[in-house]
Q: 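Got a structure here, written out as structure tokens. Questions coming.
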Amino acid sequence: MSMTSSAIRSAFLDYFASKGHQIVPSASLIPGNDATLLFTNAGMVPFKDVFLGQDPRSYSRATSAQRCVRAGGKHNDLENVGYTARHHTFFEMLGNFSFGDYFKQEAIAYAWEFLTKELKLPAEKLLVTVYASDDEAFNIWTQQIGVPAEKVIRIGDNKGAPYASDNFWAMGDTGPCGPCTEVFYDHGEHIWGGPPGSPEEDGDRFIEIWNIVFMQFNRHADGRMEPLPKPSVDTGMGLERIAAILQGVHSNYEIDIFQALIKAAAEATGTQDLTNKSLRVIADHIRSCAFLMVDGVQPSNEGRGYVLRRIIRRAVRHGHQLGAEGAFFHQLVAALVAQMGEAYPELAAKQAVIEKLLKIEEEQFGKTLQRGLSMLQEALQQLEGKVLPGDLAFKLYDTYGFPVDLTNDVAREQGFSVDQAGFEAEMAQQRQRAQQASQFGVDYNAQLSSSQITDFTGYEQQHGNARVLEILRDGEPCQQLADGDEALIVLDQTPFYAESGGQIGDTGTLTTADGSIFTVTDTIKLGKAHAHKGKLAGQLEVGATVMAQIDDERRQAIRQNHSATHLVHAALRAVLGEHVTQKGSLVGPERFRFDFSHYEGISVEQLQAVEQLVNQHIQANHPVQTELMSLEAAKAAGAMALFGEKYDDDVRVLTMSPFSVELCGGTHVQRTGDIGLFKIVSEGGIAAGVRRIEAVTGLQALRWLHQLESQAHQVASALKGDLFSIAERVLQSQERSKQLEKERDQLKQKLASQAGASLLEQVQLIAGSKVLVTELPQVEPKALRPMLDELKQKLGSGILLLATVNDGKISLIAGVTQDLTQKVHAGKLVGWAAQQLGGKGGGRPDMAQAGGTDTAALAEVLQQSLHQIEQQLSA
């Protein structure tokens, strides 16, 4: 039976809900407070602490459809995406979990019942694997479920160590672990491949569709396997894989969701060949990019943002390969929302933001893409062998911002490979030169020709003379600039702070003795150098002396905001608890945002307590002191370090009384009183376990309060009250509105009931059964259900299909009395009608709802529905 991906997702969750499982919404792709994972890469990740007993829940059974990304770290499928049938950067994992509740017998029975009864997969097409020594699971499959013994394959340790088997799962080198059993689907003899455990197991004939992990041991460092007091179950079934089977296709890219995205990608790139693998890459990547952005990840040169940037650039490169001109990738967000927006409303809510960010990123990458491609193409043509040297791959990456995975893609398509070891060796040398542990900080649009170092003088001064060490124009080193040129300028010393640690870069001017002025619009870091970005009026060359002057008023506002973030951090820990840690910040002159870890919502009272505490320390006018010391000494002194940050051996410790002591390289006020006033303007969750505060300080805080007061006066005037009676007036207005809505709904219900009574005159007798198929004008969608129930009761026995149109959208509802559900299935009936009308839906045999958009076809589809019902009744 063919099912849409959406219907499969719903069927899975509904089935396990009926078995007493709590439906848990998908968690963020950013694992909350999990330093071991870059992204949520499996359905069990959000429950990791539950399995470890560190996060007690109100339920012991759960089920979820968890969105996952595998594109970085240990689980990185990026290079295989588009070239195989089942590799994705983004996928949905359907799972059911038992936290010390049921175990092997129930887990196996649930899986088999859902696959064979609910999804109606032929039992003869399924085979099973178990861990070699797991006799209990083997016996359950063969003796209780009835799977033939020859179709239950024991998989032993095949990696040279105990418990090192594909059928033995572990959370890590130590901790919870246990055997697992997997269900495979046989795609048929016409596809090459053998069953699991055979030499041909890597073929595509037998595909794993369900994995049940039995967490029953705790592995100690010495190798001891201690039985867990509460054995648990973790299962997973890939939505895309099961959808391929149920929709009668072999590749995941042929299922409904991907076909829609591939068609959208073809349209956006002007491609006619829908089998082109580049379309697969693009269709896959729009899912991971959009959902990463939904969860707060933005393209950047470090961490998760760097991985996102790699995925975007890979998709854009494949689009250009297909002939796309200009930015196209962002156009696919709408198609994705159409496919998955109903299941994930947050995707639709952030559609405009995602489109904007993707377009900006595309346009930035477009500047370097063609140059890097041309260079790579020329190098491949000149190669004597079939391996691209690692130093050349590194030059493409280092100078032209060309990610190595794109180099691998292009080379592979033309029959070449890349010397990956040579590339990594070059990368290691660069890390050593820059004394950095990571190269995520590379700016893709500009690279220095050599390792320059800028002496930052901005802690003590706002201006000073400096010498031009290097000029970068269009990402290329040059010796001089002409009037109107835009460039990056590196100085030997500078008072300009380069963006880092959440604080944005300084702006200002670089002025020469002859009056030429380079207007600095931003300052960024390139390794140990500060690069001043801007535009020149006049002439400038390497070696020239300039007067560097920052915008001091802007810097002062930034100082106020940056110092306030430290007080906010300390106040949050004081009010909410020591678990609060900074997860990111952005400090500008107008306002700042502060991201932090916290597991639940924050009350108005708690926010007010934070606000009051910060302002108390501002009024106390503490001196702000900085001191250079060793990292170990700083930690011993109680200075807080941010997780994920890389620190040198000597660090800068910022102290604002014992209340706040942190490591920080930013610029700050001299005393806390200089901050002036602190006001929180917004607070909310941005990801699982991560919340964000936005706030203003100083004169900006006063301006914000003035705006708020002005708006309050307007509201008070409209409500014919004063500032102190607004709340009371609003409540009165709401009560009146609710009363009017209630009266309106009662009238509509009365009218609907009267209309329902007249509908009985339209009932037809088809094959001996009462049938009513009709469109109801001027009836609200929410009135259909009570109308259907009333009509079914009056008919006693019959089949109904009702439709109404509101704001260009069709709402359908079908009802079948219990005595006729064996002949006519309400869910199938309404699903068929919705499909003809450009929509989707379904439900139970006795009642189901759906929607559609093709209003012009409604009358004809309703007429066809009568024929469908007649055929089913006659059969």
Q: Set out, in order, the CA-CA distance, both residues' side-chain angles and the distance that settles side chain to side chain donor-acceptor pair (under 3.5 Å) for Gln707 and Gln711, then state yes or no.
A: CA-CA 6 Å; Gln707 291 174 356; Gln711 291 181 10; 5.8 Å; no
Q: Could you walk me through whether Ile245 and Arg241 pass the side chain to side chain contact (heavy atoms under 4.5 Å, CB included) test, one step at a time?
A: CA-CA 7 Å; Ile245 293 170; Arg241 290 191 178 194; 5.8 Å; no
Q: With the side chain counted from C-beta on, respond yes when Leu800 and Val816 share a heavy-atom pair under 4.5 Å apart, and no when they do not.
A: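 The answer is no; the side chains never approach within 4.5 Å.
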Q: Could you check whether Arg280 pairs with Asp284 (Lys NZ or Arg NE/NH1/NH2 to Asp/Glu carboxylate O, under 4.0 Å)?
A: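 No, no charged N to carboxylate O under 4.0 Å.
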Q: Would you name the heavy atoms of Val24 and Ala62 that are closest together and state the gap between them?
A: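 The answer is CG2-CB, 4.0 Å.
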Q: A side-chain contact here means heavy atoms from C-beta on lying under 4.5 Å apart; do Thr804 and Glu775 qualify?
A: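 Answer no - side chains too far apart.
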Q: Please determine whether a side-chain nitrogen of the Lys or Arg among Arg593 and Glu683 lies less than 4.0 Å from a carboxylate oxygen of the Asp or Glu.
A: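 Glu683 and Arg593: not salt-bridged.
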Q: Please report the closest heavy-atom contact between Pro46 and Ala27, naming both atoms and the distance.
A: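 In this case the closest contact between Pro46 and Ala27 is CG-CB, 3.5 Å.
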Q: Run the side chain to side chain donor-acceptor pair (under 3.5 Å) check on Thr4 and Asp256 step by step: do they pass?
A: CA-CA 7 Å; Thr4 65; Asp256 53 352; 4.6 Å; no
Q: Which atoms form the tightest heavy-atom contact between Ala264 and Ala335, and what is the distance?
A: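 Shortest heavy-atom contact: CB-CB, 3.6 Å.
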Q: Between the main-chain N or O of Trp832 and the side-chain N or O of Gln836, is there a donor-acceptor pair closer than 3.5 Å?
A: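 Yes, Gln836 side chain to Trp832 backbone: donor-acceptor pair under 3.5 Å.
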Q: Describe, in one word, how the ring planes of Tyr15 and Tyr110 are oriented to each other, choosing from parallel (under 30°), tilted (30 to 60°) and perpendicular (over 60°).
A: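 Perpendicular, since the angle between the ring planes exceeds 60°.
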Q: Evaluate the criterion salt bridge (Lys or Arg N to Asp or Glu O under 4.0 Å) for residue pair Glu741 and Arg736; output intermediate values, then yes/no.
A: CA-CA 9 Å; Glu741 288 178 359; Arg736 175 61 178 157; over 6 Å; no
Q: Hey, does the side chain of Thr817 reach the backbone of Gly798 with a donor-acceptor pair shorter than 3.5 angstrom?
A: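 Side chain of Thr817 to backbone of Gly798: a pair is present.
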Q: Is Asn806 reaching over with its side chain to a backbone N or O of Val779, donor-acceptor style, under 3.5 angstrom?
A: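 Side chain of Asn806 to backbone of Val779: a pair is present.
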Q: To the nearest 0.5 angstrom, please state how far the CD1 atom of Ile311 sits from the OG atom of Ser288.
A: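 The distance works out to 4.0 Å.
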Q: State which residue, out of Ile869, Leu820, Val824, Leu795, fulfils the side-chain contact (heavy atoms from CB on, under 4.5 Å) condition with Ser769.
A: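 Of Ile869, Leu820, Val824, Leu795, side-chain contact (heavy atoms from CB on, under 4.5 Å) with Ser769 is met by Leu820 alone.
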Q: Look only at the side chain of Arg692 and the backbone of Asp595, and say whether a donor-acceptor pair between them is shorter than 3.5 Å.
A: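 Not a single qualifying donor-acceptor pair exists.
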Q: Is there a side chain to side chain contact (heavy atoms under 4.5 Å, CB included) between Glu267 and Gln331 once you walk through the steps?
A: CA-CA 10 Å; Glu267 184 177 343; Gln331 299 173 22; over 6 Å; no
Q: Do Leu239 and Arg67 have side chains that get closer than 4.5 Å, going by heavy atoms?
A: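 Contact flag for Leu239/Arg67 side chains = no.
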Q: Hey, could you give me the CZ/SG distance between Phe329 and Cys289, rounded to the nearest 0.5 Å?
A: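 Result: 4.0 Å between the selected atoms.
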Q: Between atom OG1 of Thr40 and atom NZ of Lys48, what is the distance when rounded to the nearest 0.5 Å?
A: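 Here the interatomic distance stands at 10.5 Å.
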Q: Taking Ser733 for its side chain and Arg729 for its backbone only, find out whether a donor-acceptor pair lies under 3.5 Å.
A: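 Looks like no, no N/O pair under 3.5 Å.
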Q: Kindly say whether Val333 contributes a backbone atom to a donor-acceptor pair with the side chain of Gln351 at under 3.5 angstrom?
A: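 Answer holds: no.
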Q: Side-chain contact test, heavy atoms from C-beta onward, threshold under 4.5 Å: evaluate it for Cys68 versus Gln66 and give yes or no.
A: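 Yes; the side chains approach each other to less than 4.5 Å.
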Q: Regarding Gln868 and Gln864, is there a side-chain donor-to-acceptor distance under 3.5 Å anywhere?
A: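 Their side chains do not contain a donor-acceptor pair, so the 3.5 Å distance test is not met.
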Q: Is there side-chain contact between Met237 and Leu115, with heavy atoms separated by less than 4.5 Å?
A: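 Yes. Closest side-chain heavy atoms under 4.5 Å.
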Q: Enter the distance from Ile726:CD1 to Leu719:CG here, rounded to the nearest 0.5 Å.
A: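 If we round to the nearest 0.5 Å, Ile726:CD1 and Leu719:CG are 7.0 Å apart.
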Q: Tell me whether the count of non-hydrogen atoms from other residues, nucleotides or ligands lying under 6.0 Å of NZ in Lys823 goes above 12.
A: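 It does not: Lys823 NZ has 12 such atoms or fewer within range.
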Q: Using side-chain heavy atoms (C-beta onward) and a distance below 4.5 Å, is Ile360 in contact with Lys356?
A: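 Yes, side chains in contact.
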Q: Between Lys809 and Glu780, is the closest basic N to carboxylate O distance under 4.0 Å?
A: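 Not counted as a salt bridge, because no side-chain N and carboxylate O are separated by less than 4.0 Å.
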Q: Please determine whether a side-chain nitrogen of the Lys or Arg among Arg844 and Asp846 lies less than 4.0 Å from a carboxylate oxygen of the Asp or Glu.
A: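 Asp846 and Arg844: salt-bridged.
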Q: Any non-hydrogen side-chain atom of Leu576 less than 4.5 Å from a side-chain atom of Phe596?
A: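 In contact.
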Q: Whether the side chain of Thr821 engages the backbone of His825 through a donor-acceptor N/O pair (distance < 3.5 Å, no angle test) should be reported.
A: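 Judged by distance alone, no pair lies under 3.5 Å.
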Q: Short question: side chain of Ser811, backbone of Gly851 - any donor-acceptor pair under 3.5 Å?
A: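 A pair under 3.5 Å: no.
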Q: Search all heavy atoms of Ile282 against all heavy atoms of Ala315 and return the closest pair with its distance.
A: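 That closest heavy-atom pairing would be CG1-O, 3.7 Å.
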Q: Donor-acceptor pair, distance only, cut-off 3.5 Å: does the side chain of Thr269 make one with the backbone of Ala265?
A: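 Yes; at least one donor-acceptor contact below 3.5 Å.
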Q: Apply salt bridge (Lys or Arg N to Asp or Glu O under 4.0 Å) to residues Glu113 and Lys19 and explain how you reach the verdict.
A: CA-CA 12 Å; Glu113 183 178 56; Lys19 302 296 182 181; 3.3 Å; yes
Q: Take Leu126 and Ile209 through the test side chain to side chain contact (heavy atoms under 4.5 Å, CB included) and record every step on the way to the result.
A: CA-CA 10 Å; Leu126 304 176; Ile209 57 173; 4.2 Å; yes
Q: Applying side chain to side chain contact (heavy atoms under 4.5 Å, CB included), run through Val773 and Val771 and close with a yes or a no.
A: CA-CA 7 Å; Val773 176; Val771 177; 3.9 Å; yes
Q: Let me confirm one number: the CZ-OG distance from Phe97 to Ser64, rounded to the nearest 0.5 Å.
A: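 Result: 4.5 Å between the selected atoms.
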Q: Can you give me the closest heavy-atom contact between Ala268 and Leu332, atom names plus distance?
A: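 Heavy atoms only, the tightest pair is CB-CD2, 4.0 Å.
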Q: Ring-plane angle category for Phe16 and Phe12, please: parallel below 30°, perpendicular beyond 60°, tilted otherwise.
A: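 Tilted, since the angle between the ring planes falls between 30° and 60°.
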Q: For the pair Lys359 and Glu355, find out whether any cationic side-chain nitrogen is under 4.0 Å from an anionic carboxylate oxygen.
A: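 The answer is no: the pair does not qualify as a salt bridge.
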Q: Mind checking whether Ile354 and Leu347 have side chains closer than 4.5 Å, heavy atoms only?
A: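 Yes, their side chains come closer than 4.5 Å.
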Q: Donor-acceptor pair, Ser5 side chain versus Ile257 backbone, under 3.5 Å?
A: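 Not a single qualifying donor-acceptor pair exists.
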Q: What pair of heavy atoms forms the shortest contact from Ala833 to Val861, and how long is it?
A: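 Scanning both residues, the minimum pair turns out to be O-CG1, 3.9 Å.
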Q: Take Lys350 and Glu346, measure what salt bridge (Lys or Arg N to Asp or Glu O under 4.0 Å) needs, and give me the verdict at the end.
A: CA-CA 6 Å; Lys350 295 187 177 181; Glu346 59 270 35; over 6 Å; no
Q: Could you state the interatomic distance from OG1 (Thr63) to CG (Leu94), rounded to the nearest 0.5 Å?
A: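 It comes to 7.5 Å.
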